[in-house]
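Computed from a prediction, not measured in an experiment: that's the story for all the values here. By convention here, the first residue in the shown sequence is residue 1.
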Amino acid sequence: MAQQVKWQEPLSFRFADDGLVPNHPRWPMLVYPGAVPLPDDVDPAAIFEDIFAANGWGDSWRNGIYSFVHYHSRIHEVLGIARGAAEVRFGGDKGKVLEVQAGDVAVLPAGTGHQRLSGSADLLVVGAYPPFGTYDLCRSPEQHAEALRRIPEVHRPDKDPLFGDDGPLLKAWSSLAA
């Protein structure tokens with residue numbers, strides 16, 4: 001399945017701390033629009049699961065995106081849009097609203113806020129995580145101070161969830177990226 005991924009440089013978005021959502025202090029959120037072609041005769045979620053797993057991103061799930069703003073302070077997350085479309089605000093209230101659709105992939109460094117504002121009835125998202133870190137769900141002001149401490153401690157993954165060892169994530173999320 002990995003050979004199906006269309007090579008491209010991702011779109012890159014940086015978000016400032018808005019007081020509720022810290023976002024990542026160094027690394028940008030990456031979006032690969034239309035990176036994964038989804039043939040009609042194959043389960044689209046299985047394609048994303050296979051690609052992510054082949055690149056070391058596991059603990060995958062199938063669902064949607066929560067309708068409330070939240071972030072993860074102890075782990076990075078990749079979201080593959082397997083079916084449908086959604087309007088998602090990334091980065092918290094002062095972030096950016098993007099329309100994501102089937103075939104798109106967003107890679108969120110720890111701390112990146114995300115919230116589904118609207119979505120098609122058939123929306124299906126596959127999420128996955130690098131092999132280290134701990135899933136947490138942060139959404140309250142009381143979690144902000146501790147999240148600021150934890151987020152920089154989450155190590156960069158060894159592989160880009162789409163392109164593996166040579167993926168753009170490795171450069172965009174280098175220790176020198178500022």
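- Residue Y135 qualifies as enclosed at atom OH: its count of foreign heavy atoms under 6.0 Å is above 12.
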* Check the pair F15, K96 against side chain to side chain contact (heavy atoms under 4.5 Å, CB included), reporting the backbone distance first and the verdict last. => CA-CA 8 Å; F15 307 112; K96 183 162 183 70; 3.9 Å; yes

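- As a member of the Ile/Leu/Val/Met/Phe/Trp/Tyr network built from side-chain separations under 4.5 Å, V154 groups with F132.
- Among residue pairs with one or both ends in residues 28-39, those qualifying as side-chain hydrogen bond (donor to acceptor under 3.5 Å, both in side chains) are Y32-D160; sequence neighbours excluded.
- Residues F48 and W61 fall into different hydrophobic clusters, defined by Ile, Leu, Val, Met, Phe, Trp and Tyr side chains chained together at heavy-atom separations under 4.5 Å.
- Nearest heavy-atom pair, A45 versus L124, reported as atom, atom and distance to 0.1 Å: CB-CD2, 3.9 Å.
- Partner of E146 under the side chain to side chain donor-acceptor pair (under 3.5 Å) criterion, out of R149, H144, Q143: R149 alone.
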* Asked: For L98 and M29, what are the C-alpha separation, side-chain angles and deciding distance, and is it a side chain to side chain contact (heavy atoms under 4.5 Å, CB included)?
  -> CA-CA 12 Å; L98 297 177; M29 178 184 83; 3.9 Å; yes

Indicate every side-chain donor-acceptor pair of residues 69-85 with a distance under 3.5 Å to a residue at least two apart or in another chain.
from, atom 1, to, atom 2, distance (Å)
H70, ND1, F68, O, 3.0
H70, ND1, H114, O, 3.1
H70, NE2, H114, NE2, 3.0
H72, ND1, D136, O, 2.5
H72, NE2, E77, OE1, 3.0
S73, OG, D136, OD2, 2.5
S73, OG, R150, NE, 3.1
S73, OG, R150, NH2, 3.0
H76, ND1, A110, N, 2.9
H76, NE2, H155, O, 2.9
E77, OE1, H114, NE2, 3.1
E77, OE2, Y129, OH, 3.0
R83, NE, D122, O, 3.2

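- Through chains of ILVMFWY side-chain contacts below 4.5 Å, L117 is grouped with V97.
- Of all the heavy atoms in P33 and L11, the pair that sits closest is CG-CD1, 3.8 Å.
- Here the closest heavy-atom approach between residue W27 and residue S174 is recorded as NE1-O, 3.1 Å.
- Counting all heavy atoms, side chain and backbone alike, L20 lies closest to S140 at CD1-C, 3.7 Å.
- Cluster membership check: L169 does not share its hydrophobic cluster with F13, using side-chain heavy-atom separations under 4.5 Å among Ile, Leu, Val, Met, Phe, Trp and Tyr.
- Linking Ile, Leu, Val, Met, Phe, Trp and Tyr residues whenever their side-chain heavy atoms come within less than 4.5 Å places V126 and V36 in a single cluster.
- Every residue two or more places apart in sequence or in another chain was checked for a side chain to side chain contact (heavy atoms under 4.5 Å, CB included) with P131, and none qualifies.
- Partners of S12 by side chain to side chain contact (heavy atoms under 4.5 Å, CB included), not counting sequence neighbours, listed by chain and number: P28, L30.
- Under a hydrophobic-cluster definition in which Ile, Leu, Val, Met, Phe, Trp and Tyr are linked whenever side-chain heavy atoms come within less than 4.5 Å, directly or via other members, V100 and V125 are assigned to the same cluster.
- By the rule that hydrophobic residues join a cluster once side-chain heavy atoms approach within less than 4.5 Å of another member, L170 and V5 end up as members of one cluster.
- Contact detail for A86 and L123: the closest heavy-atom pair is CB-CD2, 3.9 Å.
- Taking the side chain as every heavy atom from C-beta outward, Q115 and V21 never approach each other to under 4.5 Å.
- In terms of heavy atoms, K159 sits closest to N55 at CB-O, 3.3 Å.
- Taking 4.5 Å as the limit, every side-chain heavy atom of L162 sits out of range of all side-chain heavy atoms of W7.
- Side chains of V107 and P161 form a contact here, defined as non-hydrogen atoms less than 4.5 Å apart.
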